[in-house]
Structure formats: structure tokens, C-alpha cells
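Written below as C-alpha cells is the structure these notes are about.
Just so it is clear, the values below take in all heavy atoms, side chains as well, and ignore hydrogens, waters and symmetry mates. A quick note: this is a predicted structure, and the numbers were derived from the prediction, not measured.
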Amino acid sequence: MVVLPYTVAFLLLSCLQTVKIANSQSFLGINYGQVADNLPPPSSNAKLLQSTSIQKVRLYGSDPAIIKALANTGIGIVIGTANGDIPGLASDSNFTKSWINKNVLPFYPASNIILITVGNEVMTSNDQNLMNKLLPAMQNVQNALNDASLGGKIKVSTVHSMGVLKQSEPPSSGSFDPSYGDLMKGLLEFNSANGSPFAINTYPYFAYRSDTRPEILAFCLFQPNAGRMDGNTKIKYMNMFDAQVDAVYSALNSMGFKNVEIVVAETGWPFKGDDNDVGPSIENAKAYNGNLIAHLRSMVGTPLMPGKSVDTYLFALYDEDLKPGPGSERSPGIFKTDLTMVYDVGLSTSNQMGL
């Protein structure tokens with residue numbers, strides 16, 4: 001009879017510890033795309049996010065209703081400028097100032113805006129004009145934040161695709177495409193000088209689509225596999241996510257910027273696709289996202305960056321039914337728009353969401 005109170009106390013303590021751990025997972029974020037006509041209201045999104053261990057949300061724009069709804073939640077918010085805004089941001093400091101005045105100042109600090117991404121995958125867009133104006137645009141956004149006394153509080157960066165790497169295999173040989181030359185060096189110097197992250201979209205899903213052998217699928221899904229040996233470091237990689245992130249680290253290191261933080265701005269796996277799509281399924285999506293979350297929570301890190309988890313934004317919160325392209329582009333959502341889960345990857349911190 002004496003044991004019972006201690007057992008109850010231990011269980012309560014365990015529960016509290018679980019909640020504490022779940023609520024302190026600052027490395028866990030999610031993307032919130034809005035190319036859809038059936039999304040729930042912003043207040044419901046905020047409540048949903050608060051019922052999970054997700055600590056950050058990335059917007060592709062700067063929807064004021066969503067930013068406002070996230071006020072006083074503590075959730076970190078990444079907002080973005082459109083690629084089409086880059087020329088204006090680069091050439092007109094008044095335009096940049098008005099962008100900050102409109103999209104940041106009315107909401108911060110109640111809404112915890114932590115990062116502004118200037119454009120998305122600009123360097124692989126083949127638009128030389130945008131590529132040339134990206135750094136000046138980032139500098140002007142930084143200057144406008146500095147003028148508003150927010151320079152050290154909100155970071156500025158851009159988001160890249162894995163296409164910026166010329167080589168990613170083996171991970172220790174990761175290197176940037178030399179055709180970017182001084183443009184990439186300038187962006188990295190900006191990241192380094194301002195303490196802002198190098199943000200990149202990594203998708204093991206696309207690696208599997210280009211090589212659909214079963215052992216590749218297991219490697220991509222964090223499932224048991226033979227691993228891949230990096231002949232240079234003699235490190236055996238057991239999953240594609242670590243291999244891709246370490247390839248980025250090696251590329252940064254090769255240019256002298258190993259201290260620039262890496263952020264995975266997008267990663268995910270679609271649960272549905274067209275009839276000819278290879279890879280999309282609920283089983284695969286649940287395996288990838290669930291095993292990735294468990295990997296991040298373990299804090300084991302990657303072989304070249306051990307003992308910490310990179311900030312990682314899952315793709316995505318909801319499906320986007322109006323997105324063009326193959327069906328898999330419209331089916332990345334972990335949650336349905338009725339706020340229930342498409343599949344459970346252990347994100348909920350409570351059984352009662354109270355939505």
C-alpha cells in the first residue's frame with residue numbers, strides 16, 4: 001500500500017517531464033503553405049499548433065491574419081518575401097522600409113517573428129536578374145530591421161534547394177556549384193556577418209524517386225538498411241537525411257563558413273500522388289516524418305554535427321489543393337483541414353485539443 005503514492009508521484013513526474021520535453025523542442029517546425037481554398041481560420045491553426053510539440057511555423061508570405069493569430073503563443077514565426085518583390089527590395093530602401101512597417105512592426109514582439117526569408121530557391125531559378133539582386137535585397141531588409149532596432153532580434157536569410165550543390169555524395173565531398181561563384185560567397189558572408197542561418201530544402205523523397213530500389217527506400221525512411229560508407233571519413237551513414245545535411249555542412253566548410261547554422265527549411269513525404277507516382281503513400285509518409293521526428297528528438301545529430309538537432313521545418317501542415325503539378329505536390333499535409341491528423345507521428349502533446 002505504501003508503494004502506490006510513490007508510483008503515482010513517479011507517473012505524474014514522468015508525465016510532466018514528457019510535456020516539458022515536448023514543449024521545449026525548439027528544433028521542430030512546420031511549413032504552412034496557403035495555395036488552397038479550404039484552409040481553416042487562423043485562430044484554429046494557432047490552437048492546433050499549440051496542441052503539438054511544434055515550436056515554429058514557416059509562412060511563404062506574411063499573411064497578417066495568421067501572424068496576428070499566433071500572437072502570445074510563443075511560437076516562432078518565419079515570414080517570407082515573394083521572389084517578385086526582390087527587385088523592389090534590392091533597389092528601393094523606401095519599399096523595403098514600408099515592407100517592414102507593414103509586415104513586421106504591427107505584430108512584433110507579441111507575434112514572435114524570428115526570421116525573414118527573402119525569396120525561395122532563387123539561386124536555382126535560372127533567373128539571373130533575381131540571383132544578382134538577392135543579396136542587395138537581403139542587405140536592405142537587414143538595414144530596415146536595424147533602423148527599427150530589430151537587427152539582432154529578427155534574422156534575415158533566403159531559402160535554397162539542394163540544387164545549389166554540385167556534389168553531395170559522399171557527404172564529406174559536398175560542394176556548391178562553382179557557377180554561382182561570388183554570388184554564393186556573398187550570401188554566405190551575409191549569413192556569417194549577421195548570424196543568420198543557411199536555409200535549405202532537403203527531400204530524401206526526391207532521391208528515392210530517382211532510384212526506386214527497396215534499399216534506397218529504407219535508407220530514405222530511416223528504416224533498417226546496410227548503410228552507405230563515406231570513403232573519405234569512413235563514416236557509415238544510415239539515413240539519407242543525415243547524408244544530405246552533412247553534404248551541406250561540407251559545402252559550407254569548403255568555403256570557410258562551417259560556423260554558419262544550417263536550417264532545414266522544408267522536408268517531408270507526400271502521402272498521396274498520381275497513379276504513376278512512385279513513393280507516395282500514408283505508410284511511407286508516416287515512416288519518414290515519424291522516424292525523422294524521433295531522430296531529431298534523440299539529439300544524436302548528424303555524423304559531422306553530433307549532439308544537436310538542426311532546426312527542421314516539416315512539409316507540411318495541410319494539403320494545398322490548388323497547387324499545380326503532380327498530385328504529390330498537393331498531398332504533403334500531416335493534418336487535414338478539419339484539424340484531425342492524416343496520420344499520427346507523435347506531434348500531439350494532449351489527447352484533448354480543445355479546438
Distance-only donor-acceptor hits, side chain of residues 32-40, under 3.5 Å, sequence neighbours excluded:
from : atom 1 : to  : atom 2 : distance (Å)
Y32  : OH     : N45 : ND2    : 2.8
Q34  : NE2    : D63 : OD2    : 3.0

List the atom pairs, donor and acceptor, that lie under 3.5 Å between side-chain atoms in residues 133-140 and the rest of the protein, sequence neighbours left out.
from : atom 1 : to  : atom 2 : distance (Å)
N140 : ND2    : L89 : O      : 2.8
N140 : ND2    : A90 : O      : 3.1

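The two residues G346 and S53 come nearest to each other via the heavy atoms O-OG, 4.4 Å. When all heavy atoms of P306 and L304 are compared, the pair lying nearest together is CD-C, 3.4 Å. For the residue pair Y108 and K153, the shortest heavy atom distance occurs at OH-CB, 3.3 Å. Here the closest heavy-atom approach between residue P270 and residue S328 is recorded as CB-O, 3.5 Å. Here the closest non-hydrogen pair linking L130 and P87 is CD2-CD, 3.7 Å.
No side-chain heavy atom of C220 sits under 4.5 Å from any side-chain heavy atom of Q223. Under the 4.5 Å side-chain criterion, counting only non-hydrogen atoms from C-beta, L150 is not in contact with P109. Residues F271 and N284 fail the side-chain proximity criterion, which asks for heavy atoms closer than 4.5 Å. For the pair M255/L188, a side-chain contact is recorded, criterion being any heavy-atom separation below 4.5 Å from C-beta on. Looking at heavy atoms from C-beta onward, V345 lies out of side-chain contact with L314 at the 4.5 angstrom threshold. Side-chain contact between L49 and I30 is present, with at least one heavy-atom pair separated by less than 4.5 Å. Counting heavy atoms from C-beta on, the side chains of M123 and E121 never come closer than 4.5 Å.
Pairs engaging residues 169-180 under the side chain to side chain donor-acceptor pair (under 3.5 Å) rule: S172-D230, S172-N232, S173-N232, D177-S179 [sequence neighbours left out]. Note on residues 85-101: no pairs pass side chain to side chain donor-acceptor pair (under 3.5 Å), not counting sequence neighbours. For residues 51-62, the pairs satisfying salt bridge (Lys or Arg N to Asp or Glu O under 4.0 Å) are K56-D311, R58-E266, with sequence neighbours left out. Each ring pair (Phe, Tyr, Trp, His ring centres under 6.0 Å) pair with one or both residues in residues 233-267, not counting sequence neighbours, would appear here, but there are none.
With hydrogens and angles left out, the side-chain atoms of H160 and N120 include no donor and acceptor closer than 3.5 Å. Checking D246 against T302 by side-chain atom types alone, a donor-acceptor pair falls below 3.5 Å. For the residue pair N31/Y60, the side-chain donor-acceptor check at 3.5 Å is satisfied.
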Please step through side chain to side chain contact (heavy atoms under 4.5 Å, CB included) for the pair T312 and L28, ending with a clear verdict. CA-CA 6 Å; T312 300; L28 203 54; 5.5 Å; no

T158 vs T117, side-chain hydrogen bond (donor to acceptor under 3.5 Å, both in side chains): CA-CA, chis, key distance, verdict: CA-CA 5 Å; T158 188; T117 57; over 6 Å; no

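Among Y205, F315, Y343, the one residue that satisfies the ring pair (Phe, Tyr, Trp, His ring centres under 6.0 Å) test with W269 is Y205. For the pairing with S111, the side-chain contact (heavy atoms from CB on, under 4.5 Å) check across T73, N72, I77, I66 returns one residue only, I77.
With values rounded to the nearest 0.5 angstrom, I67 atom CD1 is found 6.0 Å from L59 atom CG. Taken from CG in N289 to OG1 in T267, the straight-line distance is 7.5 Å, to the nearest 0.5 Å.
Under a 4.0 Å N-O distance rule, the pair D338/K336 does not qualify as a salt bridge.
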